[in-house]
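I have placed the structure first, in the form of C-alpha cells, so that the comments after it can refer back to it.
Index from 1, following the sequence.
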Amino acid sequence: MTVAWIGDRGVPVAEAAKHAAGLLVSSLCPVFSLDTDVHGTRAAIALAQRTGAAYDQLGGAAVARETAQYTDKGGMFIAPGEVRRRADVVVIAGELPAAHYDLIAELANTAPDLDGGTGRREFFLIGADTPAPGNIKATRLACDGGLEATLAALRAQCAGRKTARDVDNFGSFAEALAGAKFPVFTFCGQSLGALGLEMVQGLIADINRKHRASALHLPASENGWGSVQASTWTSGFPLRTGLARGYAEFDPWRFDVARMIAEGEADLHLVVSADAGQVFAHEGLALVALARTDKPVAGAAVTIAIGEPGIDHDAVVYSSRIGTLAAVEAKSPSELPSGAAVLRQIAEHLPHEEALPC
C-alpha cells in the first residue's frame with residue numbers, strides 16, 4: 001500500500017521525507033499547523049527550531065482565545081474531579097463541542113457527595129441557541145442580543161443593576177445560586193469570544209465575594225490544549241510561537257498561521273492532522289501534508305500518511321475528563337507511522353547532524 005507521495009507520484013516514505021526536508025531548507029518563512037498529540041507537538045516544535053518556523057493549532061482561533069484567558073486575564077478554574085464531587089449547580093455558557101457531551105451526561109447522571117448534603121445537581125444553559133449536551137434537563141437563561149449580551153445582562157442582574165433586557169428565568173437562577181454550595185460555570189472558546197470569556201470570569205469573581213464558585217474549562221480542541229501545554233513546557237510559550245530568530249518568540253497576532261498564510265507572509269505550510277479533510281492547499285504556497293489518508297492531498301507537494309493518535313498508535317493526549325494529560329493505548333493498531341515519527345524522519349534529512357529529542 002502506498003503511504004507517501006511527491007505530488008501525485010507514489011514514493012517510499014524515506015524519499016518523501018527527504019523531499020519535504022529539502023522544501024523546508026529552501027523555505028524563507030515556513031509555518032506549521034498542528035492537530036496532533038503531545039509527541040507529535042514536541043517533534044514539530046523541534047523541527048520548527050531547526051527550520052525557523054512558526055507553529056499554531058490547525059484552525060486555532062478558539063484555542064488562542066482560551067489561551068489568552070490564562071495568559072492575559074487569568075481566572076478561577078477547577079478540575080473535573082472536583083466538579084463531580086462538589087458542584088450542585090452547573091451553568092453551561094455557550095455551545096460545547098460534542099467531545100464533552102459524555103462528561104456533561106455523567107454529571108447529569110450522578111450526584112455530588114461533597115456538597116453539604118443536598119445530593120442533587122441543577123443545570124442551566126446560557127444563550128437562546130445553546131443546545132443541551134446529551135439532552136440533559138436544564139433551565140435556559142437567554143435574552144435578546146445573543147450569547148454575550150445574555151452574559152452581560154445576567155452579570156448585571158446578579159449585581160442588582162438595571163438592564164435594558166431581562167434574562168428569561170433569572171428568578172430560578174438567582175434562587176438556585178442563593179442556595180448553592182458550589183456553582184460551576186463551563187466555558188469553551190468555540191462559542192465564546194474574548195469578551196464572553198472575560199464576562200464569565202467576571203461573573204464568577206462577583207459570586208466569590210460572598211460564596212464559592214469556579215469555572216471548568218472544556219477546550220475547543222483536546223489536541224489543541226494538549227499542544228498548548230506541550231509547547232509551554234518545551235519553549236516557554238504556548239502556541240502561536242515563532243523560532244525564526246533562533247529563539248522562541250510568542251505573539252498571538254504575528255504568529256497566527258492562518259493570518260500569515262492569508263497575508264502572503266509564508267512560503268511553505270506543513271500540516272500535521274489525522275483528519276485529511278482539514279488539510280487544504282493554498283495558491284502559491286508549498287504544502288507538506290502529514291495526514292491519515294490513502295491518497296495524496298490535492299495540491300500538496302508532499303503527502304505522507306500517518307496514523308491517528310490513540311487509534312493507530314499509542315499516544316499521550318489531553319483529556320478533559322481528568323483535566324490533564326493521559327496515556328492512551330491504540331484502539332486499532334496499524335502499521336501507519338505516527339506524526340512524531342515522520343517529523344523526526346524529515347529532520348534526519350536536514351543539514352545539521354544534531355538529533356531531535358525523543
Side-chain angles (χ1 to χ4, degrees), residues 62 65-66 69 73 75-78 83 86-112 115 118-218 220:
R65 287 193 292 270
E66 293 168 348
Q69 178 71 60
K73 303 295 182 183
M76 303 192 70
F77 308 99
I78 190 172
V83 176
R86 299 183 186 277
D88 49 358
V89 170
V90 176
V91 186
I92 300 172
E95 182 176 359
L96 298 176
H100 303 308
Y101 281 17
D102 286 346
L103 174 59
I104 299 299
E106 179 186 335
L107 294 176
N109 292 324
T110 57
D115 65 334
T118 65
R120 60 181 176 81
R121 207 182 323 261
E122 193 169 356
F123 287 82
F124 291 87
L125 297 172
I126 300 179
D129 299 323
T130 301
N135 296 316
I136 63 170
K137 294 181 179 179
T139 303
R140 187 172 300 278
L141 306 171
C143 71
D144 295 338
L147 177 57
E148 294 186 350
T150 300
L151 277 168
L154 187 63
R155 185 181 181 189
Q157 285 190 251
C158 285
R161 300 189 183 97
K162 293 182 179 180
T163 59
R165 303 178 179 91
D166 290 335
V167 176
D168 296 339
N169 299 313
F170 175 76
S172 298
F173 177 69
E175 182 180 349
L177 210 57
K181 299 295 184 181
F182 200 175
V184 169
F185 293 72
T186 69
F187 73 92
C188 174
Q190 173 178 282
S191 55
L192 288 173
L195 183 61
L197 293 172
E198 186 176 349
M199 193 68 69
V200 169
Q201 287 295 338
L203 179 55
I204 292 169
D206 293 345
I207 295 171
N208 268 284
R209 291 173 181 171
K210 295 182 179 179
H211 307 284
R212 292 190 305 170
S214 195
L216 174 63
H217 175 204
L218 298 177

Donor-acceptor pair, [X] side chain versus [Y] backbone, under 3.5 Å?
X: Gln69; Y: Gly75; result: no
X: Gln157; Y: Val167; result: yes
X: Asn169; Y: Leu141; result: no
X: Arg121; Y: Leu107; result: yes
X: Thr139; Y: Phe124; result: no
X: Asp88; Y: Phe182; result: yes

Rounded at 0.5 Å granularity, tell me how far [atom1] in [X] sits from [atom2] in [Y].
X: Phe77; Y: Phe187; atom1: CZ; atom2: CZ; answer: 4.5 Å
X: Leu154; Y: Asp168; atom1: CG; atom2: CG; answer: 11.5 Å
X: Ser214; Y: Arg86; atom1: OG; atom2: CZ; answer: 11.0 Å
X: His100; Y: His217; atom1: NE2; atom2: NE2; answer: 7.5 Å
X: Ile207; Y: Leu177; atom1: CD1; atom2: CG; answer: 4.5 Å
X: Asp144; Y: Asp166; atom1: CG; atom2: CG; answer: 10.5 Å

How about Glu175: does its CD atom have over 12 heavy atoms from other parts shown lying under 6.0 Å from it?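 No.
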Near Asp129 CG, under 6.0 Å, is it more than 12 heavy atoms from other residues, nucleotides or ligands?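 No, the 6.0 Å shell around CG holds no more than 12 heavy atoms from other groups.
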Heavy atoms, side chains only, cut-off 4.5 Å: are [X] and [Y] in contact?
X: Tyr101; Y: Pro131; value: yes
X: Leu192; Y: Arg65; value: no
X: Gln201; Y: Lys73; value: no
X: Leu203; Y: Val91; value: no

Ignoring hydrogens, what is the shortest heavy-atom contact between [X] and [Y]? Give both atom names and the distance.
X: Gln190; Y: Pro97; answer: OE1-CG, 3.7 Å
X: Ser191; Y: Glu95; answer: OG-O, 3.0 Å
X: Ile204; Y: Ala213; answer: CG2-O, 3.7 Å
X: Gly127; Y: Ala142; answer: C-CB, 3.9 Å
X: Ile136; Y: Ile92; answer: CD1-CD1, 3.9 Å
X: Pro133; Y: Leu96; answer: CG-CD1, 4.3 Å

Under the side-chain contact (heavy atoms from CB on, under 4.5 Å) criterion, do Phe173 and Cys158 qualify, and how do the steps go? CA-CA 9 Å; Phe173 177 69; Cys158 285; 3.7 Å; yes
Please determine whether side-chain contact (heavy atoms from CB on, under 4.5 Å) holds for the pair Arg155 and Met199, giving the CA-CA distance in whole Å, both sets of side-chain angles, and the decisive distance to 0.1 Å. CA-CA 8 Å; Arg155 185 181 181 189; Met199 193 68 69; 3.8 Å; yes
Run the numbers on Thr130 and Arg140 for side-chain contact (heavy atoms from CB on, under 4.5 Å), then give the verdict. CA-CA 9 Å; Thr130 301; Arg140 187 172 300 278; 3.9 Å; yes
Using the side chain to side chain contact (heavy atoms under 4.5 Å, CB included) definition, which of the options Val200, Val83, Leu216 pairs with Thr186?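 That would be Leu216; it is the only one of Val200, Val83, Leu216 passing the side chain to side chain contact (heavy atoms under 4.5 Å, CB included) with Thr186.
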Please determine whether side-chain contact (heavy atoms from CB on, under 4.5 Å) holds for the pair Ile104 and Leu218, giving the CA-CA distance in whole Å, both sets of side-chain angles, and the decisive distance to 0.1 Å. CA-CA 10 Å; Ile104 299 299; Leu218 298 177; 4.2 Å; yes
